[in-house]
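Reviewing the structure listed below.
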Protein chains: 2
Amino acid sequence: MLNVARPCCVILSIMRNVDALDARILLALDEDPRATTVALADRLGLARNTVQARLKRLEESGQLREHSRRVAPAGLGYPLMALITMSISQRVGKPTREAILRIPEVVELLVTTGDGDLLARVVARDTEDLHRITNLLLEAPGVVRSNTTIVLLEVQPFSVRSLLERHAGPETGPHRPTR
Amino acid sequence: MLNVARPCCVILSIMRNVDALDARILLALDEDPRATTVALADRLGLARNTVQARLKRLEESGQLREHSRRVAPAGLGYPLMALITMSISQRVGKPTREAILRIPEVVELLVTTGDGDLLARVVARDTEDLHRITNLLLEAPGVVRSNTTIVLLEVQPFSVRSLLERHAGPETGPHRPTR
DNA sequence: GCCACATTAAGCATTCTGCTCATATATCTT
DNA sequence: AAGATATATGAGCAGAATGCTTAATGTGGC
(Lines give C-alpha, C1' and ligand atoms only; values in the text may rest on other atoms or scores of the structure.)
Protein backbone atom coordinates (compact mmCIF):
# COMPACT_ATOMS: atom_id res chain seq x y z
CA MET A 1 0.00 0.00 0.00
CA LEU A 2 1.03 3.53 -0.67
CA ASN A 3 4.46 3.78 -2.18
CA VAL A 4 6.48 6.04 -0.01
CA ALA A 5 8.60 7.23 -2.87
CA ARG A 6 8.02 10.98 -2.94
CA PRO A 7 9.22 12.65 -6.14
CA CYS A 8 8.56 16.04 -4.66
CA CYS A 9 5.51 16.81 -6.78
CA VAL A 10 3.53 13.64 -6.47
CA ILE A 11 2.94 14.41 -2.84
CA LEU A 12 -0.74 14.67 -3.51
CA SER A 13 -0.85 11.06 -4.52
CA ILE A 14 0.41 9.78 -1.21
CA MET A 15 -1.85 12.08 0.71
CA ARG A 16 -4.64 9.94 1.89
CA ASN A 17 -7.14 12.50 2.81
CA VAL A 18 -7.61 13.48 6.37
CA ASP A 19 -10.91 12.19 7.62
CA ALA A 20 -13.17 13.52 10.33
CA LEU A 21 -11.42 11.65 13.09
CA ASP A 22 -8.04 12.94 12.00
CA ALA A 23 -9.47 16.42 11.96
CA ARG A 24 -10.74 16.06 15.50
CA ILE A 25 -7.35 14.89 16.65
CA LEU A 26 -5.64 17.77 14.89
CA LEU A 27 -8.08 20.21 16.44
CA ALA A 28 -7.39 18.83 19.88
CA LEU A 29 -3.70 19.16 19.18
CA ASP A 30 -4.34 22.71 18.13
CA GLU A 31 -5.63 23.58 21.55
CA ASP A 32 -2.71 21.92 23.25
CA PRO A 33 0.11 21.10 20.88
CA ARG A 34 2.11 19.31 23.54
CA ALA A 35 -0.72 17.17 24.79
CA THR A 36 0.25 13.57 25.31
CA THR A 37 -1.37 10.80 23.33
CA VAL A 38 -3.28 9.66 26.39
CA ALA A 39 -4.59 13.14 27.03
CA LEU A 40 -5.81 13.44 23.46
CA ALA A 41 -7.38 10.01 23.62
CA ASP A 42 -9.62 10.61 26.56
CA ARG A 43 -10.34 14.16 25.57
CA LEU A 44 -11.80 12.76 22.37
CA GLY A 45 -13.24 9.64 23.91
CA LEU A 46 -11.01 7.38 21.87
CA ALA A 47 -8.68 4.55 22.63
CA ARG A 48 -5.09 5.46 23.10
CA ASN A 49 -4.10 3.07 20.34
CA THR A 50 -6.33 4.81 17.85
CA VAL A 51 -4.86 8.23 18.44
CA GLN A 52 -1.37 6.80 18.39
CA ALA A 53 -1.91 5.03 15.09
CA ARG A 54 -3.53 7.99 13.39
CA LEU A 55 -0.95 10.47 14.53
CA LYS A 56 1.76 8.18 13.27
CA ARG A 57 0.06 7.92 9.92
CA LEU A 58 -0.50 11.64 9.67
CA GLU A 59 3.16 12.29 10.15
CA GLU A 60 4.44 9.50 7.96
CA SER A 61 2.13 10.39 5.11
CA GLY A 62 3.44 13.93 5.09
CA GLN A 63 0.26 15.65 6.16
CA LEU A 64 2.05 17.65 8.78
CA ARG A 65 4.41 20.36 7.71
CA GLU A 66 7.40 21.67 9.52
CA HIS A 67 7.23 22.88 13.06
CA SER A 68 8.86 26.24 12.37
CA ARG A 69 5.60 27.36 10.82
CA ARG A 70 4.49 27.97 14.36
CA VAL A 71 7.23 30.46 15.17
CA ALA A 72 6.22 34.09 14.85
CA PRO A 73 8.84 36.13 12.98
CA ALA A 74 8.15 39.15 15.19
CA GLY A 75 9.62 37.26 18.14
CA LEU A 76 12.80 36.76 16.16
CA GLY A 77 13.18 40.48 15.66
CA TYR A 78 11.39 40.93 12.36
CA PRO A 79 8.29 42.99 13.09
CA LEU A 80 7.79 44.02 9.49
CA MET A 81 6.16 41.80 6.92
CA ALA A 82 5.72 42.52 3.23
CA LEU A 83 4.52 40.86 0.07
CA ILE A 84 6.64 41.48 -2.95
CA THR A 85 5.45 40.55 -6.41
CA MET A 86 8.05 40.22 -9.09
CA SER A 87 7.91 40.17 -12.84
CA ILE A 88 10.31 37.83 -14.53
CA SER A 89 11.86 38.11 -17.94
CA GLN A 90 11.34 34.91 -19.90
CA ARG A 91 10.11 32.15 -17.65
CA VAL A 92 10.75 31.52 -14.01
CA GLY A 93 13.78 29.34 -13.87
CA LYS A 94 15.46 27.40 -11.16
CA PRO A 95 18.38 29.85 -10.91
CA THR A 96 15.96 32.66 -10.19
CA ARG A 97 14.16 30.77 -7.46
CA GLU A 98 17.36 29.55 -5.90
CA ALA A 99 18.81 33.02 -5.78
CA ILE A 100 15.70 34.30 -4.08
CA LEU A 101 15.57 31.47 -1.59
CA ARG A 102 19.11 32.21 -0.54
CA ILE A 103 17.80 35.36 1.10
CA PRO A 104 16.93 34.35 4.66
CA GLU A 105 14.27 37.03 5.02
CA VAL A 106 12.21 35.38 2.29
CA VAL A 107 9.87 33.22 4.32
CA GLU A 108 7.64 32.10 1.49
CA LEU A 109 7.83 32.00 -2.28
CA LEU A 110 4.97 31.35 -4.69
CA VAL A 111 4.54 31.14 -8.42
CA THR A 112 1.30 32.88 -9.29
CA THR A 113 -0.91 33.97 -12.11
CA GLY A 114 -1.49 37.64 -12.74
CA ASP A 115 0.71 40.67 -13.00
CA GLY A 116 3.69 39.31 -11.19
CA ASP A 117 4.98 35.85 -11.84
CA LEU A 118 6.51 35.38 -8.44
CA LEU A 119 5.34 36.40 -5.01
CA ALA A 120 7.71 36.52 -2.09
CA ARG A 121 6.69 37.04 1.47
CA VAL A 122 9.52 38.67 3.32
CA VAL A 123 10.11 39.86 6.84
CA ALA A 124 12.35 42.72 7.88
CA ARG A 125 13.69 44.49 10.94
CA ASP A 126 12.53 47.90 9.73
CA THR A 127 11.79 49.80 6.56
CA GLU A 128 15.43 50.35 5.76
CA ASP A 129 15.99 46.64 6.08
CA LEU A 130 13.06 46.05 3.77
CA HIS A 131 14.62 48.32 1.22
CA ARG A 132 17.82 46.35 1.34
CA ILE A 133 15.93 43.09 0.84
CA THR A 134 13.99 44.50 -2.08
CA ASN A 135 17.24 45.36 -3.77
CA LEU A 136 18.51 41.86 -3.15
CA LEU A 137 15.43 40.48 -4.86
CA LEU A 138 15.99 42.69 -7.86
CA GLU A 139 19.48 41.28 -8.18
CA ALA A 140 18.15 37.78 -8.74
CA PRO A 141 18.54 36.71 -12.38
CA GLY A 142 15.52 37.51 -14.49
CA VAL A 143 13.75 39.75 -12.02
CA VAL A 144 12.83 42.88 -13.91
CA ARG A 145 10.29 44.61 -11.74
CA SER A 146 8.97 44.39 -8.22
CA ASN A 147 5.99 45.69 -6.33
CA THR A 148 5.98 45.84 -2.57
CA THR A 149 2.92 45.66 -0.37
CA ILE A 150 3.37 46.10 3.33
CA VAL A 151 1.30 44.11 5.79
CA LEU A 152 -0.21 46.56 8.24
CA LEU A 153 -2.14 44.11 10.36
CA GLU A 154 -2.57 40.39 10.53
CA VAL A 155 -6.29 40.23 11.14
CA GLN A 156 -6.09 36.47 10.92
CA PRO A 157 -2.70 34.80 10.68
CA PHE A 158 -2.63 31.68 8.57
CA SER A 159 -4.75 28.98 10.13
CA VAL A 160 -6.71 26.02 8.88
CA ARG A 161 -8.73 25.73 12.04
CA SER A 162 -11.92 26.65 10.29
CA LEU A 163 -11.32 23.94 7.73
CA LEU A 164 -10.56 21.39 10.39
CA GLU A 165 -13.71 22.28 12.26
CA ARG A 166 -15.80 21.77 9.17
CA HIS A 167 -13.97 18.59 8.45
CA ALA A 168 -14.45 17.27 11.96
CA GLY A 169 -18.19 17.28 11.45
CA PRO A 170 -20.88 18.83 13.64
CA GLU A 171 -19.84 17.01 16.78
CA THR A 172 -16.56 18.62 17.64
CA GLY A 173 -16.93 18.86 21.36
CA PRO A 174 -15.04 16.58 23.69
CA HIS A 175 -16.62 13.55 25.30
CA ARG A 176 -19.03 12.76 22.53
CA PRO A 177 -20.37 9.26 22.97
CA THR A 178 -20.39 7.21 19.80
CA ARG A 179 -24.11 7.30 19.42
CA MET B 1 7.41 38.65 35.68
CA LEU B 2 5.68 39.01 32.38
CA ASN B 3 2.02 39.69 32.75
CA VAL B 4 0.17 37.04 30.89
CA ALA B 5 -2.70 39.35 30.15
CA ARG B 6 -2.77 39.51 26.38
CA PRO B 7 -4.93 42.32 25.03
CA CYS B 8 -4.63 40.98 21.54
CA CYS B 9 -2.46 43.76 20.22
CA VAL B 10 0.10 44.17 22.94
CA ILE B 11 1.49 40.78 22.13
CA LEU B 12 4.70 42.32 21.01
CA SER B 13 5.32 43.72 24.43
CA ILE B 14 5.27 40.38 26.18
CA MET B 15 7.45 38.82 23.56
CA ARG B 16 10.83 38.50 25.06
CA ASN B 17 12.90 37.91 22.05
CA VAL B 18 13.98 34.46 21.14
CA ASP B 19 17.69 34.08 21.72
CA ALA B 20 20.19 31.80 20.05
CA LEU B 21 19.53 28.92 22.39
CA ASP B 22 15.80 29.15 21.84
CA ALA B 23 16.43 29.15 18.13
CA ARG B 24 18.52 26.01 18.37
CA ILE B 25 15.80 24.28 20.32
CA LEU B 26 13.18 25.34 17.82
CA LEU B 27 15.34 24.13 14.96
CA ALA B 28 15.77 20.77 16.62
CA LEU B 29 12.03 20.64 17.09
CA ASP B 30 11.66 21.45 13.44
CA GLU B 31 13.50 18.33 12.46
CA ASP B 32 11.47 16.20 14.80
CA PRO B 33 8.41 17.98 16.13
CA ARG B 34 7.48 15.13 18.43
CA ALA B 35 10.91 14.73 19.94
CA THR B 36 10.86 14.35 23.69
CA THR B 37 12.49 16.88 25.95
CA VAL B 38 15.22 14.42 26.79
CA ALA B 39 15.93 13.74 23.14
CA LEU B 40 16.20 17.45 22.42
CA ALA B 41 18.43 17.96 25.42
CA ASP B 42 21.14 15.53 24.48
CA ARG B 43 20.84 16.32 20.82
CA LEU B 44 21.80 19.87 21.71
CA GLY B 45 24.14 18.98 24.51
CA LEU B 46 22.02 20.69 27.13
CA ALA B 47 20.56 19.68 30.43
CA ARG B 48 17.01 18.41 30.36
CA ASN B 49 15.96 21.12 32.76
CA THR B 50 17.17 23.83 30.44
CA VAL B 51 15.22 22.62 27.47
CA GLN B 52 12.17 22.07 29.62
CA ALA B 53 12.32 25.57 31.07
CA ARG B 54 12.84 27.27 27.74
CA LEU B 55 10.15 25.39 25.96
CA LYS B 56 7.76 26.25 28.75
CA ARG B 57 8.68 29.90 28.46
CA LEU B 58 8.38 29.91 24.70
CA GLU B 59 4.86 28.61 24.90
CA GLU B 60 3.74 30.73 27.81
CA SER B 61 5.10 33.90 26.29
CA GLY B 62 3.12 33.31 23.14
CA GLN B 63 6.04 32.78 20.81
CA LEU B 64 4.51 29.65 19.39
CA ARG B 65 1.44 29.95 17.27
CA GLU B 66 -1.25 27.41 16.76
CA HIS B 67 -0.52 23.90 15.71
CA SER B 68 -2.95 23.90 12.80
CA ARG B 69 -0.45 25.98 10.87
CA ARG B 70 1.27 22.72 10.19
CA VAL B 71 -1.67 21.11 8.45
CA ALA B 72 -1.55 21.28 4.66
CA PRO B 73 -4.92 22.36 3.20
CA ALA B 74 -4.41 20.05 0.22
CA GLY B 75 -4.72 17.07 2.52
CA LEU B 76 -8.09 18.35 3.66
CA GLY B 77 -9.37 18.40 0.12
CA TYR B 78 -8.52 21.96 -0.88
CA PRO B 79 -5.85 21.69 -3.57
CA LEU B 80 -6.43 25.19 -4.86
CA MET B 81 -4.98 28.28 -3.20
CA ALA B 82 -5.57 31.87 -4.17
CA LEU B 83 -4.80 35.37 -2.99
CA ILE B 84 -7.66 37.79 -3.25
CA THR B 85 -7.12 41.49 -2.77
CA MET B 86 -10.14 43.57 -1.97
CA SER B 87 -10.87 47.25 -2.14
CA ILE B 88 -13.03 48.60 0.62
CA SER B 89 -15.34 51.57 0.54
CA GLN B 90 -14.58 53.89 3.43
CA ARG B 91 -12.32 52.26 5.92
CA VAL B 92 -11.95 48.63 6.88
CA GLY B 93 -14.34 48.05 9.72
CA LYS B 94 -14.87 45.25 12.11
CA PRO B 95 -18.11 44.16 10.41
CA THR B 96 -16.26 43.68 7.16
CA ARG B 97 -13.53 41.61 8.71
CA GLU B 98 -15.93 39.52 10.71
CA ALA B 99 -18.03 38.76 7.68
CA ILE B 100 -14.96 37.64 5.78
CA LEU B 101 -13.66 35.53 8.63
CA ARG B 102 -16.93 33.68 8.77
CA ILE B 103 -15.99 32.06 5.48
CA PRO B 104 -14.14 28.89 6.42
CA GLU B 105 -12.09 28.84 3.23
CA VAL B 106 -10.42 32.09 4.23
CA VAL B 107 -7.26 30.82 5.87
CA GLU B 108 -5.56 34.17 6.31
CA LEU B 109 -6.58 37.80 6.29
CA LEU B 110 -4.30 40.81 6.14
CA VAL B 111 -4.71 44.55 6.07
CA THR B 112 -2.20 45.91 3.60
CA THR B 113 -1.00 49.03 1.91
CA GLY B 114 -1.38 49.43 -1.82
CA ASP B 115 -4.15 48.90 -4.29
CA GLY B 116 -6.30 46.66 -2.20
CA ASP B 117 -6.94 47.35 1.44
CA LEU B 118 -7.50 43.75 2.40
CA LEU B 119 -5.80 40.57 1.30
CA ALA B 120 -7.40 37.20 1.87
CA ARG B 121 -5.71 33.92 1.30
CA VAL B 122 -8.32 31.35 0.45
CA VAL B 123 -8.32 27.68 -0.41
CA ALA B 124 -10.84 25.91 -2.60
CA ARG B 125 -11.80 22.49 -3.88
CA ASP B 126 -11.70 23.56 -7.51
CA THR B 127 -12.13 26.61 -9.69
CA GLU B 128 -15.89 26.57 -9.42
CA ASP B 129 -15.56 26.50 -5.66
CA LEU B 130 -13.18 29.42 -5.87
CA HIS B 131 -15.73 31.36 -7.85
CA ARG B 132 -18.32 30.75 -5.17
CA ILE B 133 -15.95 31.95 -2.47
CA THR B 134 -15.08 35.07 -4.42
CA ASN B 135 -18.75 35.92 -4.60
CA LEU B 136 -19.05 35.40 -0.87
CA LEU B 137 -16.23 37.85 -0.32
CA LEU B 138 -17.92 40.44 -2.48
CA GLU B 139 -21.00 40.14 -0.30
CA ALA B 140 -19.12 41.31 2.77
CA PRO B 141 -20.10 44.87 3.74
CA GLY B 142 -17.90 47.50 2.14
CA VAL B 143 -16.12 45.24 -0.33
CA VAL B 144 -16.38 46.95 -3.69
CA ARG B 145 -13.82 45.22 -5.85
CA SER B 146 -11.72 42.12 -5.77
CA ASN B 147 -8.75 40.79 -7.63
CA THR B 148 -7.88 37.12 -7.61
CA THR B 149 -4.43 35.67 -8.03
CA ILE B 150 -4.09 31.92 -8.20
CA VAL B 151 -1.13 30.18 -6.62
CA LEU B 152 0.35 27.88 -9.25
CA LEU B 153 3.19 26.48 -7.20
CA GLU B 154 4.44 26.77 -3.67
CA VAL B 155 8.14 26.99 -4.35
CA GLN B 156 8.73 27.52 -0.66
CA PRO B 157 5.80 27.19 1.73
CA PHE B 158 5.92 29.52 4.68
CA SER B 159 8.87 28.72 6.89
CA VAL B 160 11.06 30.65 9.27
CA ARG B 161 13.78 28.03 9.24
CA SER B 162 16.20 30.34 7.53
CA LEU B 163 15.63 32.96 10.19
CA LEU B 164 16.05 30.45 12.97
CA GLU B 165 19.29 29.21 11.47
CA ARG B 166 20.66 32.70 11.34
CA HIS B 167 19.45 33.30 14.84
CA ALA B 168 20.99 30.13 16.18
CA GLY B 169 24.43 31.38 15.31
CA PRO B 170 27.16 29.65 13.32
CA GLU B 171 27.26 26.54 15.50
CA THR B 172 24.00 24.85 14.74
CA GLY B 173 25.15 21.29 14.53
CA PRO B 174 24.30 18.80 17.27
CA HIS B 175 26.79 17.80 19.93
CA ARG B 176 28.56 21.07 20.10
CA PRO B 177 30.73 21.19 23.22
CA THR B 178 30.52 24.46 25.09
CA ARG B 179 33.98 25.56 24.17
C1' DG C 1 31.19 42.15 47.01
C1' DC C 2 26.40 41.22 46.14
C1' DC C 3 22.22 40.33 43.59
C1' DA C 4 19.57 38.40 39.90
C1' DC C 5 19.37 35.00 36.55
C1' DA C 6 20.29 30.85 33.88
C1' DT C 7 22.32 26.41 33.65
C1' DT C 8 23.20 22.07 35.54
C1' DA C 9 22.62 17.95 38.44
C1' DA C 10 20.20 14.61 41.16
C1' DG C 11 16.08 12.44 42.90
C1' DC C 12 11.36 10.63 42.95
C1' DA C 13 6.53 9.38 42.18
C1' DT C 14 3.58 9.29 38.48
C1' DT C 15 2.56 8.95 33.87
C1' DC C 16 3.46 7.97 29.11
C1' DT C 17 5.47 5.48 25.27
C1' DG C 18 6.21 1.88 22.00
C1' DC C 19 4.97 -2.42 21.06
C1' DT C 20 2.42 -6.71 20.69
C1' DC C 21 -1.59 -9.68 20.65
C1' DA C 22 -6.37 -10.56 20.47
C1' DT C 23 -11.01 -9.12 19.70
C1' DA C 24 -14.84 -6.46 17.84
C1' DT C 25 -16.94 -3.80 13.94
C1' DA C 26 -17.46 -1.97 9.59
C1' DT C 27 -17.21 -1.77 4.75
C1' DC C 28 -16.32 -3.66 0.35
C1' DT C 29 -15.59 -7.53 -2.85
C1' DT C 30 -16.65 -11.68 -4.94
C1' DA D 1 -24.18 -14.62 2.02
C1' DA D 2 -19.48 -15.43 2.87
C1' DG D 3 -14.88 -13.71 2.96
C1' DA D 4 -11.45 -10.20 3.17
C1' DT D 5 -9.49 -5.78 4.37
C1' DA D 6 -9.16 -1.99 7.32
C1' DT D 7 -9.93 0.19 11.48
C1' DA D 8 -11.15 0.70 16.52
C1' DT D 9 -10.63 -1.17 20.97
C1' DG D 10 -8.77 -3.35 25.17
C1' DA D 11 -5.14 -5.28 27.85
C1' DG D 12 -0.46 -5.85 29.23
C1' DC D 13 4.41 -4.76 30.06
C1' DA D 14 9.25 -3.07 30.29
C1' DG D 15 11.46 0.98 29.71
C1' DA D 16 11.49 5.87 29.26
C1' DA D 17 9.83 10.51 29.96
C1' DT D 18 7.45 14.00 32.71
C1' DG D 19 6.68 17.35 36.26
C1' DC D 20 8.44 19.00 40.13
C1' DT D 21 11.67 20.17 43.83
C1' DT D 22 16.11 21.24 45.87
C1' DA D 23 20.73 22.60 45.49
C1' DA D 24 25.13 23.69 43.41
C1' DT D 25 27.46 26.42 39.97
C1' DG D 26 28.51 29.81 36.88
C1' DT D 27 27.89 34.68 34.80
C1' DG D 28 26.96 39.33 34.22
C1' DG D 29 25.41 43.80 36.11
C1' DC D 30 25.43 47.38 39.74
Side-chain angles (χ1 to χ4, degrees), chain A residues 1-4 13-29 31-64 67 75-76 167-169 171-179, chain B residues 1-4 13-29 31-61 63-64 67 75-77 167-169 171-179:
Chain A
M1 71 165 68
L2 284 183
N3 271 330
V4 195
S13 66
I14 72 165
M15 281 200 184
R16 288 173 54 180
N17 282 347
V18 182
D19 66 15
L21 225 179
D22 290 321
R24 288 179 62 209
I25 295 177
L26 289 172
L27 271 176
L29 257 186
E31 287 170 20
D32 181 7
R34 288 189 73 77
T36 62
T37 311
V38 190
L40 293 176
D42 57 41
R43 186 189 201 303
L44 299 171
L46 299 171
R48 173 170 81 96
N49 261 346
T50 307
V51 178
Q52 200 161 4
R54 298 192 82 114
L55 272 182
K56 190 176 177 183
R57 229 192 36 194
L58 280 173
E59 299 197 76
E60 287 179 350
S61 67
Q63 296 288 3
L64 292 183
H67 171 90
L76 296 173
H167 225 67
E171 5 65 25
T172 308
H175 303 298
R176 196 192 61 88
T178 309
R179 106 184 21 220
Chain B
M1 74 167 66
L2 283 184
N3 273 330
V4 194
S13 66
I14 71 166
M15 282 200 185
R16 286 173 52 181
N17 282 346
V18 182
D19 65 14
L21 225 179
D22 290 321
R24 289 179 61 209
I25 295 176
L26 290 172
L27 271 176
L29 257 187
E31 288 170 20
D32 181 7
R34 288 189 73 75
T36 62
T37 312
V38 191
L40 293 176
D42 57 42
R43 186 191 200 304
L44 298 170
L46 299 171
R48 174 169 81 97
N49 260 347
T50 307
V51 178
Q52 201 161 3
R54 297 190 86 113
L55 273 182
K56 189 176 178 183
R57 228 192 37 193
L58 280 173
E59 299 197 76
E60 287 177 351
S61 67
Q63 296 287 3
L64 292 183
H67 172 90
L76 296 174
H167 225 67
E171 8 64 23
T172 308
H175 303 297
R176 197 191 60 88
T178 310
R179 102 177 32 213

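Values in this document were obtained by computation on a predicted structure and should not be read as measured data. Letters go in sequence order (proteins before strands), and every chain restarts at 1.
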Rounding to a whole Å, what distance do you find between B/Asn49:CG and D/dT25:P?
16 Å

What are the two closest heavy atoms between B/Leu27 and B/Ala168, and how far apart are they?
CD1-CB, 4.0 Å

Look at the side chain of A/Arg24 and the backbone N and O of A/Leu44, then say whether any donor-acceptor pair between them is shorter than 3.5 Å.
yes

Nearest 0.5 Å, please: how far is CG in A/Leu29 from CZ in A/Arg43?
10.0 Å

Quick one: A/Leu55 CG to C/dG18 P, roughly how many Å, whole number?
10 Å

Round to the nearest Å and state the distance from B/Asp19 atom CG to D/dT27 atom P.
16 Å

side-chain N/O B/Thr37 vs D/dT18 OP1/OP2, d < 4.0 Å:
yes

Send over the distance from B/Gln52 CD to C/dC16 C1', rounded to a whole Å.
14 Å

Return the minimal non-hydrogen interatomic distance between B/Val51 and B/Ile25, and the atom names on each side.
CA-CD1, 4.2 Å

Closer to the 5' end of DNA chain D via nearest nucleotide, is it B/Val38 or A/Ala47?
A/Ala47

Taking only the side-chain heavy atoms of B/Thr50 (C-beta and beyond), determine which of D/dT9, C/dT8, D/dT18 contains the nearest atom.
C/dT8

Send over the distance from A/Asp22 CG to D/dT7 C1', rounded to a whole Å.
12 Å

Return the value, rounded to whole Å, for the distance between atom CG of A/Leu46 and atom P of D/dT7.
15 Å

Could you pick out which residue, A/Arg48 or B/Ala35, lies toward the 5' side of DNA chain D when each is mapped onto its nearest nucleotide?
A/Arg48

Distance check needed: C/dC5 P versus B/Lys56 NZ, whole Å only.
16 Å

So what does B/Leu21 hit on the nucleic acid, given a heavy-atom distance under 4.0 Å: a base, only sugar-phosphate, or nothing?
sugar-phosphate

Within this structure, what is the CG-to-P distance between B/Asp32 and C/dT17, rounded to whole angstrom?
14 Å

A/Ala28 to A/Leu40 - nearest heavy-atom pair and separation
CB-CD2, 3.7 Å

Quick check for you: among C/dC19, C/dG11, C/dC16, whose closest atom lies nearest to any side-chain atom of A/Thr36?
C/dC16

